[in-house]
Amino acid sequence: ALGHWIQVAQLSPPPFSPTWLELGFGAAVAISGTTIVVGAPGYELDLEAPGAAFVYERAGATPWSWVRSAALLPADTFGFGSFGASVTISGDALLVGSSSGAHAYERRGPGLPWSRATRIAPFEPTRVLLEGNHAWLARPSGEIREMVQSSPGAEWSEVARFAAPPGPLASDHGTLL
C-alpha cells in the first residue's frame, strides 16, 4: 500500500562487539548502489574507542540479503577518535570522518577489498560528503572545505574554502552535509 514502509533487512554490528548503543552503530549511514557504510564512532579496540566503519554488500538478487564485507579501522588509535561519526560513499571510494581528520578508502571494483588511501584532511571534520572525485568536509567551526582528487589513488587537494556566516548560526553551517 502507498505510504507504508516495511522492514526487509536489519544490519547488525559484529557479534563480538558491545551492544549497538555502546558503540554508536548506525550513528552515520551512507549508501551507494549495492553498498552500505555504517559508522560506529564508539567501537572499542583493545580498551580504546577509536571507532570503526562497517561496509555491507548486497548478497544475491534480493534486497534483504546483506553481508558485512569489511570493518574499517583508523590507522592511529589515540583514545577517543570518533572514527565513523560521519561516513560517505560514492562508487568505489568512501570517506570516514573522525576527530583526527577525514580518511579516504578505495577499492578497484565491486566485491574487491577496501584499502586505506590516505587521510585527506588533518583537521576535525564533523561531516563528510563525497560525490565522484569531489569531497566536502565541514568543521565544527562551520567552515567547509572542498577537496578534489584528480584520479583514483591520487592525493586530495583543497580547491575551495567556505567560511561560516557570522552570528549565532555559524556553528550550524555545514551540519547537513
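Put simply, CG on L94 and NE2 on H103 are 12.0 Å apart, with the number rounded to the nearest 0.5 Å.
Screening residues 87-96 for side chain to side chain donor-acceptor pair (under 3.5 Å), with sequence neighbours left out, gives D92-R107.
Remark: side-chain polar atoms of S98 are paired, donor with acceptor, to backbone N or O of G101 under 3.5 angstrom. The closest donor-acceptor contact from the side chain of Y56 to the backbone of V38 lies at 3.5 Å or more, if one exists at all. A side-chain donor-acceptor contact under 3.5 Å links S32 to the backbone of G91.
V148 belongs to a hydrophobic cluster whose other members, connected by ILVMFWY side-chain contacts under 4.5 Å either directly or through intermediates, are V159.
Side-chain contact check for E106 versus Q149: some heavy-atom pair is nearer than 4.5 Å. In this structure the side chain of V128 never reaches within 4.5 angstrom of the side chain of W136, judged on heavy atoms. Side chains of E158 and E146 form no contact here, defined as non-hydrogen atoms less than 4.5 Å apart. A 4.5 Å side-chain heavy-atom check between L72 and W114 finds at least one atom pair inside the cut-off. The closest side-chain heavy-atom distance from F162 to E143 is not below 4.5 Å.
The minimum heavy-atom distance between A85 and P41, with the atom names listed, is N-CB, 3.8 Å. Contact between G51 and P74 at its shortest, heavy atoms only, is O-CD, 3.4 Å. In this structure, F25 and L11 approach most closely via the heavy-atom pair CE2-O, 3.5 Å. Smallest separation of non-hydrogen atoms from A154 and S150: CB-OG, 3.6 Å.
The side-chain contact (heavy atoms from CB on, under 4.5 Å) check on A28 picks up V87, with sequence neighbours excluded. Among residues two or more places apart in sequence or in another chain, the side-chain contact (heavy atoms from CB on, under 4.5 Å) test is passed with S69 by V55, E57. Annotation: side-chain contact (heavy atoms from CB on, under 4.5 Å) contacts of A104 (sequence neighbours excluded): L95, A117, T118, I120, W156. Take A59 and apply the side-chain contact (heavy atoms from CB on, under 4.5 Å) test, not counting sequence neighbours, and it matches S65, V67.
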Q | Stepwise side-chain contact (heavy atoms from CB on, under 4.5 Å) test for I89 and T35 | A | CA-CA 8 Å; I89 183 170; T35 306; 3.5 Å; yes

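For Y43 and F54, the distance between ring centers is under 6.0 angstrom.
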